[in-house]
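Following: one structure in structure tokens, then a few remarks.
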Amino acid sequence: MDNAMKRTKIHVLRQLENSPGQVLVKGWVRTRRDSKEFSFMEINDGSCLKNIQVIAGQDLENYVQIQAVSTGSAVSVEGLLVASPGKGQKWEIQAQRVEIINLAPDSYPLQKKRHSDEFLRTIAHLRPRTNKYGAIFRIRSEMAFAIHQFYNKKGFRYLTTPVITGSDCEGAGEMFRVTSLSPEAVKKSGIMDFKADFFGQESNLTVSGQLSAEMFAMALGDVYTFGPTFRAENSNTSRHAAEFWMLEPEMAFCDLQQNMDQAEELVKALSVHALENCEEDMDLFLQFVDKSLPDRLNTIIHQPFARLSYTDAIEILQTSKKEFEFKVGFGIDLQSEHERFLAEDYFKKPVFLTDYPKTIKPFYMRVNEDDKTVAAMDLLVPGIGELIGGSQREERLDVLEKRMDEMNLPKESYWWYLDSRRFGSVPHSGFGMGFERFLMLISGIKNIRDVIPFPRTVGSIDF
RNA sequence: UCCCCAGUAGCUCAGUUGGCAGAGCAAUUGGCUGUUAACCAAUGGGUCCGCGGUUCAAGUCCGUGCUGGGGAGCCA
């Protein structure tokens, strides 16, 4: 290859106002059509949704081989960038040299037509080469960056909390056990001897970085964690995965209202960021994936989210004419149908529900003056359900210890957590947002498996 | 884990009261052509998800298992 020539990515080429003349592109052939004296090749290099059209003429020395280039093949093309006389594209490349880097056999599974999401899940290693999956994974990348940018601008510090944890009762669901004990040794002795295990005690994959984040909020002020989270729940739905990414901001000197303000600002800012920075990829979803998406995003960005207490929500559900499968009443956790009714039918926009009964919420949430409810907040969004769960944390040592006693939690193993309430305890709040659920919200993709590069779910860990 | 639905060519699907296994797209070959998921023609392509049963005969009916999808629970 000509080392003097530098490769230009297709997203750069497509934005050019004037032709630089000679260009070099490398990518994969999406489709090829023959004409009388030349071949049309559409090349995609993953830098953007769109392809660049290459005109490979019969005067090329390897024209016979070029005519055999199949969908999925990798090529390197050097030629002149010229205005395209055809419709549908501004530029095209008049090839002077086409190097076939790799010829894909006709068994290449991706065809020049629409494939079902279910089929593409069975070839998760190849699906990012399609328009839709290429688009969502570019958006996923951009959104991860946007999260860091959002909090960096606000003066938050990024905190990486442990993936392996020693606490076995964080109460957020079933946990994956981490061990270095060999199955043979365990079978032989008949017991899991945790004292002989790597950490000398039971250890698990994290279900939340919140407790760690609270410690750092008491030191650095405003922090956030953003990383992988693991749940060993046997849940088989389109909204759950065993491994997912969660964003968890934690803020000192912050009450429940300010917590909701933060969450609402975040969701709005990220949505705007997606539309402004992933315009071409977002258009694919706005136009073809979910017809209701433009309205939904417009509502999210421009309308204030609804805010009401759990008690008021129960009132609305009880007085609504809608027939529910499950009865509602104070003290009962809301069912999916209730949450959907509130977000999709009643308010038709994201809804914060606050002040849930303390009996259905974790120990760390701040007990309200009524001693019946806690300063919790869940953000319910149309189409997804719960996107965010958060609370003002219980900063009063005596109240917190009483709650832990009520819930039979071993205070001694939370000694360090309780220390934060002993030494300079202040009101503070935080929340967790499922990153994949947010991606589903802004893309209209209906299954969480389709916004994760290689999803891990019950009974499925291929790739 | 529970409820419902599905599994037929590489992909998407049709297949009637049980009676010879089908279509479109893809692939291959040829034709045509500054084409846009190009077009036209021909050809090849099957463990009808697995196992067991009913029947003269099962893609079709029954049982069971597996896989996938939708919903519920749990949650982010």
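Because the structure is a prediction, the values reported are computed rather than measured. By convention in this document, chain letters (A, B, ...) are assigned in the order of the sequence lines, proteins followed by strands, and residues within each chain are numbered from 1.
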In a table with atom names and distances, give each donor-acceptor pair under 3.5 Å that connects a side chain of residues 384-394 of chain A to protein atoms at least two apart or in another chain.
residue	atom	partner	partner atom	Å
S391(A)	OG	R393(A)	NH1	2.7
Q392(A)	OE1	L256(A)	N	3.1
R393(A)	NE	E250(A)	OE1	3.4
R393(A)	NE	E250(A)	OE2	2.9
R393(A)	NH2	E250(A)	OE1	2.9
R393(A)	NH2	G430(A)	O	3.2
E394(A)	OE1	V367(A)	N	2.9
E394(A)	OE1	R396(A)	NH2	3.0
E394(A)	OE2	R396(A)	N	3.1
E394(A)	OE2	R396(A)	NE	2.7
E394(A)	OE2	R396(A)	NH2	3.3

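Atom-to-atom, CZ of F352(A) to P of A76(B) comes out at 15 Å; the value is rounded to the nearest Å.
Side-chain atoms of Q262(A) and Q258(A) form no donor-acceptor pair, as typed in the model, at a separation below 3.5 Å. In summary, the side chains of N204(A) and T165(A) do not present any donor paired with an acceptor at a separation below 3.5 Å, with no hydrogens or angles considered. For E42(A) and T31(A), the side-chain atoms include no donor-acceptor pair closer than 3.5 Å.
Position along RNA chain B of the nearest nucleotide to F435(A) versus Q335(A) favours Q335(A) as the more 5'-ward residue. Each of K361(A) and G459(A) has a nearest nucleotide on RNA chain B; the 5'-most of these lies closest to G459(A).
Comparing U1(B), G73(B), C11(B) by their nearest atom to the side chain of N234(A) picks out U1(B).
Under the rule for a ring pair (Phe, Tyr, Trp, His ring centres under 6.0 Å), the partners of W245(A) that lie at least two apart in sequence or sit in another chain are F226(A).
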For nucleotides 22-35 of chain B, just jot down a letter per nucleotide in 5' to 3' order: B, S or -, based on protein non-hydrogen atoms under 4.0 Å.
--BBSS-----BBB
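Only at 4.0 angstrom or more do the heavy atoms of residues 261-271 of chain A sit from any atom of RNA chain B, so none qualifies.
Applying the 4.0 Å criterion to OP1 and OP2 of G69(B), one finds that S238(A) has every side-chain N and O outside that range. Regarding contacts with the backbone of C75(B), every side-chain N or O of S235(A) stays at 4.0 angstrom or more from both OP1 and OP2.
At a cut-off of 3.5 angstrom, the base of C75(B) holds at least one donor-acceptor pair with the side chain of H240(A).
Among residue pairs with one or both ends in residues 35-76 of chain A, those qualifying as ring pair (Phe, Tyr, Trp, His ring centres under 6.0 Å) are F38(A)-F40(A); sequence neighbours excluded. Legend: salt bridge (Lys or Arg N to Asp or Glu O under 4.0 Å) pairs involving residues 102-120 of chain A, not counting sequence neighbours, sorted by first then second residue: D117(A)-K132(A).
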